[in-house]
4 protein chains.
Amino acid sequence: MPNNQVPSSIKDEALVWKRRNQMIKGAVALFKEKGFHKTTTREIAKASGFSIGTLYEYIRKKEDVLFLVCDSIYQRVKERMEASIDPNQTSVESLVEAIRSYFQLMDDMQDEVLVMYQEVKSLSKDAQDYVLQKERDMVAMLEQVIVNSVTEPISEADVTLIANNIFVQGQMWGFRRWILNRTFTLDSYIDRQTQLLLHGLSKEVKELS
Amino acid sequence: MPNNQVPSSIKDEALVWKRRNQMIKGAVALFKEKGFHKTTTREIAKASGFSIGTLYEYIRKKEDVLFLVCDSIYQRVKERMEASIDPNQTSVESLVEAIRSYFQLMDDMQDEVLVMYQEVKSLSKDAQDYVLQKERDMVAMLEQVIVNSVTEPISEADVTLIANNIFVQGQMWGFRRWILNRTFTLDSYIDRQTQLLLHGLSKEVKELS
Amino acid sequence: MPNNQVPSSIKDEALVWKRRNQMIKGAVALFKEKGFHKTTTREIAKASGFSIGTLYEYIRKKEDVLFLVCDSIYQRVKERMEASIDPNQTSVESLVEAIRSYFQLMDDMQDEVLVMYQEVKSLSKDAQDYVLQKERDMVAMLEQVIVNSVTEPISEADVTLIANNIFVQGQMWGFRRWILNRTFTLDSYIDRQTQLLLHGLSKEVKELS
Amino acid sequence: MPNNQVPSSIKDEALVWKRRNQMIKGAVALFKEKGFHKTTTREIAKASGFSIGTLYEYIRKKEDVLFLVCDSIYQRVKERMEASIDPNQTSVESLVEAIRSYFQLMDDMQDEVLVMYQEVKSLSKDAQDYVLQKERDMVAMLEQVIVNSVTEPISEADVTLIANNIFVQGQMWGFRRWILNRTFTLDSYIDRQTQLLLHGLSKEVKELS
DNA sequence: TATGAATGAGGGTTCATTCAT
DNA sequence: GATGAATGAACCCTCATTCAT
């Protein structure tokens, strides 16, 4: 059950799972506050509720903590996305609903997502690839929903672009919150972004022919 | 002329200006490659073409280098944005043109923007506020262009939202390039994003009434 | 029966004896490969076939393992030396035979001897004295054989010197093997060293009067 | 001039030479007292008369200190051996003189030699090879002297054996001093070993025909 | 003004040892 | 008797910063 890309000296898997969850929880808070590099392993251990020695029974390197954090985030995001998306539904409503779920999710997990986005580059190349793949999977889920929702054919490129836009707008709610929540609540943000996606500025601007 | 938020022991302002430009150029390359924290002051000095002792004649702390980098980026971005936006023009074309200029700019300065985007959080609170204010100024410029371009009234909230979307989509071209340039060239990216902004999916989906 | 200079929490002496033999066997291999300091107690436990907790039921400190190894080596060396030396025989043949036995022994136990030779200094002062005493005993055995073998009186100093030379030449076969076995087999080594001891270079050099 | 197998960040070669000599001197004393592994880098720095930071300006890893120590020992040994051996002299006296010089040398440098012999195995494989080569060179010097000294032909194997014996007996004076200097002074040790080498036990034993 | 040697606080990591189960 | 999770002192090494030249 625990991520086995990061080996542990502890044999009891349930314990590994439990301790690593303590670790992730403590680490997210610290990484958010001061960033990965300025957080010491001793602080992580303390925030996790055990000693530095114990910390290293469950990971090999400090970087492993960051990897576990990222992995756990994507795991949870994916689970929630899958739970809220119905692949059989094919009307535009399912897209609207998926966007709502995803933005809601980004709101719930803003700390984690913020941390992940600012610190992935601190991972090793391999770990980055692993995390990036998860991200690709997520975007692919959005692409699927988009394809299912349109009634008229739409180019692959546009599907990609829209999926990426939604993806980034979700993150934006997390890491540009300092400016956005002067103007929006989560609900109004979701609402306006959805409107904009569906209609653009078609009514507000007049283009030259 | 040189940024005086970062004091220097050297009196000759022209020299300070020159040396700091060397510094910024060297530092951007290093920060891009390995990030701010993993770059040492010695490496910055070497890449700048002078000794570690000299480096510290022109800054007080390592963080100052990052600050100078960020400041220089915004300075240059702002200059180019101002040069390419005509506040008197009020048709939708000016918005289209502003978007094109801005995306082009993000493409030209992708290294710098990537660095800034990933490392601002390493600045002190004060320095972050300073940089954030520059960012707000930039978004405000986009907002102005939007207001000038629409023919029908549009809510303030929507203006903010659209400006932020454009802003983030510009950055996205920089830091999600690894996925986007499988599908898009800069021109096609600009083109599709513009279309999407103006019309959304109005033709592709049929909404319930 | 088990060495009682190293106390154990386990009461069953036969078990202590058995476990410690497992330990010694595993430890010699590890010490030879990576040295005492670079071998961890966990590795010793694993190589011995039991857990780290169990290891510490049979010793007090890591150093005890080294002590047990050294003690066991001398024990076995002494037993074999005693078995092969006949104190009643008094011709030079008995010396020749003793040398042969001893060199053969050093060849058989080269791993163990190498380890002991390189790691004694890691023992505490007390333990070193204990081990050194065993070494003195061994040299004394050689001295006895020498005394029994000569037909003309020989100074005590020379007895000591020769005994030490033989002792060191035996070790030399173990730890300079990398150079010696380009030229010698064990048998030819024994043969030539014996010849040299008995006749020196008397025929090959001409001394000034 | 300073050993360039161990790179230093300091540019001034004379300074590197000076600081490394301080290091070697301090390190030998410590290594002799407590061994390489039990000596900390901070202790080495302190004994060398500078800070831990400065220490690491002149080496890369702790192991480098040990390497420098070993290298310096062989350098000095070689210089002194070369100075005292006259390759043109071809009588047995030159062998006797070479032995005397070498044993005297081992006496002078006993601390260093002891350290080297107990700690070489802590070096990396490469560094060990380098040091071993120096050792081979030294033995080769002894072999040359032997060849020059004999009046009757002597087998290559015997040359090798005698050279190794002398080599090891020299070391023995260093690391078995605790037992030898109950019986010998340096001079009497040299004298008896020389006699033994030249004549063996030919007068003291009677062999079966 | 420029240099680079010196400093030492502090960080990541290891591992002998303990002790509750 | 056996196990292995937990502990934390201690080690190696880095690097921002200073300052004498």
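Everything numeric in this text was worked out from a predicted model, so none of it was measured.
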Rounded to the nearest Å, what distance is computed from the [atom1] atom of residue [X] to the [atom2] atom of nucleotide [N]?
{"X": "A/K34", "N": "E/dG10", "atom1": "NZ", "atom2": "C1'", "result": "13 Å"}
{"X": "A/E43", "N": "E/dG12", "atom1": "CD", "atom2": "C1'", "result": "13 Å"}
{"X": "B/R20", "N": "E/dT1", "atom1": "CZ", "atom2": "P", "result": "13 Å"}
{"X": "A/E57", "N": "E/dT18", "atom1": "CD", "atom2": "P", "result": "16 Å"}
{"X": "D/E63", "N": "F/dC13", "atom1": "CD", "atom2": "P", "result": "9 Å"}
{"X": "D/D64", "N": "F/dC12", "atom1": "CG", "atom2": "C1'", "result": "13 Å"}
{"X": "D/H37", "N": "E/dT14", "atom1": "NE2", "atom2": "C1'", "result": "13 Å"}
{"X": "A/L15", "N": "E/dA20", "atom1": "CG", "atom2": "C1'", "result": "14 Å"}

Does [X] place a side-chain N or O at less than 4.0 Å from the phosphate oxygens OP1/OP2 of [N]?
{"X": "D/Y56", "N": "F/dT14", "answer": "no"}
{"X": "D/S51", "N": "E/dT7", "answer": "yes"}
{"X": "C/T41", "N": "E/dA16", "answer": "yes"}
{"X": "A/T54", "N": "F/dT7", "answer": "yes"}
{"X": "D/T40", "N": "F/dC11", "answer": "no"}

- Message: Need one value for D/S8: base, sugar-phosphate or nothing, where a base atom within 4.0 Å counts as base even if backbone is also close, heavy atoms only.
- Response: nothing
- Looking at every strand, decide which applies to C/S9 at a 4.0 Å heavy-atom threshold: base, sugar-phosphate, or nothing. nothing
- Message: If you assign each of C/K61 and B/L55 to its closest nucleotide in DNA chain E, which residue comes earlier from the 5' end?
- Response: B/L55
- So which one's nearest nucleotide on DNA chain E is more toward 5', B/F50 or C/T39? B/F50
- Could a donor-acceptor pair under 3.5 angstrom be found where the side chain of A/R42 meets the base of E/dG11? no
- Message: Whether the side chain of A/R60 and the base of E/dT14 hold a donor-acceptor pair under 3.5 Å is what I'd like checked.
- Response: no
What nucleotide, of [options], holds the atom closest to the side chain of [X]?
{"X": "B/D12", "options": "E/dT1, F/dC12, E/dT17", "value": "E/dT1"}
{"X": "B/Y58", "options": "E/dG12, E/dA2, F/dA6", "value": "E/dA2"}
{"X": "B/I52", "options": "E/dA16, F/dA6, F/dT17", "value": "F/dT17"}
{"X": "A/K11", "options": "F/dG4, E/dA5, E/dT13", "value": "F/dG4"}

- Note on the structure: Using Watson-Crick geometry (N1-N3 plus N6-O4 or O6-N4) or G-U wobble (N1-O2, O6-N3), each under 3.5 Å, E/dT21 is paired with F/dA2
- Message: Under 3.5 Å for both donor-acceptor distances, Watson-Crick or wobble: does F/dA16 have a partner, and if so which one?
- Response: E/dT7
- Would you name the heavy atoms of B/V6 and B/R20 that are closest together and state the gap between them? O-NH2, 2.5 Å
- Query: Within the side chain of D/S8, is there an N or O that forms a donor-acceptor pair under 3.5 Å with the backbone of D/E57?
  - Reply: yes
- Task: Examine distances only and state if a side-chain atom of B/R19 and a backbone atom of B/T54 form a donor-acceptor pair shorter than 3.5 Å.
- Result: no
- Item | Closest-nucleotide 5' rank along DNA chain F - winner of B/K38 and A/I10 | A/I10
- Query: How long is the gap from CG on C/L68 to CD on C/Q75, to the nearest 0.5 Å?
  - Reply: 11.5 Å
- Over 60° means perpendicular and under 30° means parallel, so classify the ring planes of B/F67 and B/Y130, tilted if in between. tilted
- Between D/F175 and C/Y117, ring centroids under 6.0 Å: yes
